[in-house]
Protein chains: 2
Amino acid sequence: MTDDLVLRRQVCFALYAASRALTDVYRPILDEFGLTYPQYLVLLVLWERGDDAPTVSELGAALRLDSGTLSPLLKRLEAAGLVVRSRSARDERRVEVGLTADGAALRQRIGEVPARVARATGLTQAELVALRDSLTRVTETIHRQKEQ
Amino acid sequence: MTDDLVLRRQVCFALYAASRALTDVYRPILDEFGLTYPQYLVLLVLWERGDDAPTVSELGAALRLDSGTLSPLLKRLEAAGLVVRSRSARDERRVEVGLTADGAALRQRIGEVPARVARATGLTQAELVALRDSLTRVTETIHRQKEQ
DNA sequence: CACAATTAGATTGCGCACAACTTATCGGGG
DNA sequence: CCCCGATAAGTTGTGCGCAATCTAATTGTG
């Protein structure tokens with residue numbers, strides 16, 4: 001029906017607008033650390049991995065980003081002195097992305113960021129969890145369907 | 001706490017990933033019409049407005065996009081023959097964005113797109129409405145706080 | 001009426017996203 | 001052992017998104 005073509009009714013627009021609004025909350029906070037939001041996500045993965053440095057592809061799988069996005073982004077993180085990229089010895093095609101001391105140390109300083117952002121959403125902890133789980137379900141449903 | 005810095009726990013990542021996943025669903029569908037997703041959103045607003053052509057700022061207020069994004073986007077929609085941009089007679093600073101016959105006609109052909117996309121999410125109608133309302137609430141809370 | 005401040009839109013520059021392509025390396029089958 | 005398909009990362013080109021800046025038109029104030 002034609003009535004479906006109304007902006008306010010579209011889940012996709014709500015998603016698109018909420019995503020940009022939340023990025024707006026992150027921007028000034030991450031700016032204090034000289035990071036963009038996608039760069040912060042890459043660091044989250046690296047911090048989580050600890051010592052075993054992921055390859056570019058593994059980072060891409062975690063964040064659902066391809067090398068076209070990650071290669072220049074990682075180059076910038078390397079220029080900022082937060083990560084190191086090195087060709088794998090056993091497979092020269094792979095590039096392993098590791099943290100520098102500065103990159104690892106940043107984790108402590110950035111610790112309270114999620115709480116600051118959560119507060120800005122105006123939702124309770126329970127609501128945030130419910131929202132996150134719905135969103136994750138949407139994402140996984142879509143990706144599952146694409147693989148078939 | 002440090003445990004908050006885990007990718008899967010972050011609402012923001014869920015939002016970011018879901019938004020891109022849903023855009024992935026739209027891409028091949030909108031591609032049949034030669035549109036990108038933001039261009040489709042602009043058309044949604046124009047179709048909704050009917051005869052009263054919004055200015056660039058009014059479009060921006062509806063979609064929360066600024067002229068830096070909209071100006072080149074509208075130029076492309078104009079080049080595609082879907083919209084016309086014209087300086088307002090009574091205020092030469094304003095540019096009014098109207099639909100061409102082709103742009104207006106596209107509405108009919110594109111009508112079933114939201115239903116196709118909704119199906120791809122794997123959520124029920126009720127779940128989609130609940131999700132949309134949560135997201136809208138997040139967006140509005142954030143914007144309200146920013147204005148103060 | 002003059003002129004400063006405001007407003008509207010366009011432009012520039014940067015950093016994603018993503019498709020398409022290129023280069024280099026690897027692994028398996030003849 | 002050699003080639004051939006597959007895989008990994010990088011590059012190029014396009015289109016957002018947004019900050020910062022610019023130009024032009026308008027409004028408010030004295």
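Only a predicted model underlies this, so the values are computations on that prediction, with no experimental measurement involved. In what follows, chains carry the letters A, B, and so on, assigned in the order in which the sequence lines appear, proteins first and then strands, with residues in each chain numbered from 1.
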Without decimals, in angstroms, what is the distance between [X] [atom1] and [N] [atom2]?
X     : N      : atom1 : atom2 : value
B/L70 : D/dG15 : CG    : P     : 15 Å
B/R85 : C/dA8  : CZ    : C1'   : 13 Å
A/D66 : D/dT11 : CG    : C1'   : 12 Å
A/R87 : C/dT25 : CZ    : C1'   : 9 Å
A/L59 : D/dG10 : CG    : C1'   : 15 Å
A/F13 : D/dG17 : CZ    : C1'   : 14 Å

Next on the checklist: Rounded at 0.5 Å granularity, tell me how far CG in A/L43 sits from CD in A/E48.
Outcome noted: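 A/L43 atom CG to A/E48 atom CD measures 12.0 Å (nearest 0.5 Å).
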In this structure, OG1 of B/T121 is separated from CG of B/L128 (nearest 0.5 Å) by 4.5 Å
Toward the 5' end of DNA chain D, by each residue's nearest nucleotide, A/T55 or B/T69: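 Result of the comparison: A/T55.
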| Residue met sooner reading DNA chain D from 5', once A/P72 and A/R94 are mapped to nucleotides |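 On the 5' side of the pair lies A/R94.
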Which of B/T100, B/L73, B/V97, B/D102 passes side chain to side chain contact (heavy atoms under 4.5 Å, CB included) with B/V83? It is B/V97
From the list A/V42, A/V84, A/L70, side chain to side chain contact (heavy atoms under 4.5 Å, CB included) partner of A/L77 resolves to A/V42
Can we say [X] and [Y] salt-bridge, meaning some charged N sits less than 4.0 Å from an Asp/Glu carboxylate O?
X     : Y      : value
A/E32 : A/R116 : yes
B/E78 : B/R85  : yes
B/R87 : B/E96  : no

Phosphate-side-chain proximity, A/Y16 and D/dC16, N/O vs OP1/OP2 below 4.0 Å
no
Would you say A/S71 places a side-chain N or O within less than 4.0 Å of OP1 or OP2 belonging to D/dG10? yes
Assign each of A/R64 and A/R90 the nucleotide of DNA chain C bearing its closest heavy atom; nearer the 5' end lies the nucleotide of A/R64
Considering only [options], which nucleotide approaches the side chain of [X] most closely?
X     : options                : answer
A/L65 : C/dT11, C/dC26, C/dC18 : C/dC18
B/R93 : C/dT25, D/dG17, D/dA24 : D/dA24
B/E92 : D/dG10, D/dT26, C/dA10 : D/dT26
A/S67 : D/dT11, D/dT26, C/dT11 : D/dT11

Ordered by number, residues from residues 73-81 of chain B within less than 4.0 Å of DNA chain D (heavy atoms) are B/L73, B/R76
Note: contacts of residues 18-45 of chain A with DNA chain D (heavy atom, under 4.0 Å) are A/R20, A/D24, A/R27
Tightest non-hydrogen contact, residues B/S67 and B/P72, listed as O-CD, 3.9 Å
Exercise for review: Determine, step by step, whether A/Y40 and A/F33 satisfy the ring pair (Phe, Tyr, Trp, His ring centres under 6.0 Å) criterion, reporting the C-alpha distance in whole Å, the side-chain angles of both residues, the deciding distance to 0.1 Å, and the verdict.
Suggested key: CA-CA 10 Å; A/Y40 166 73; A/F33 302 96; 8.8 Å; no
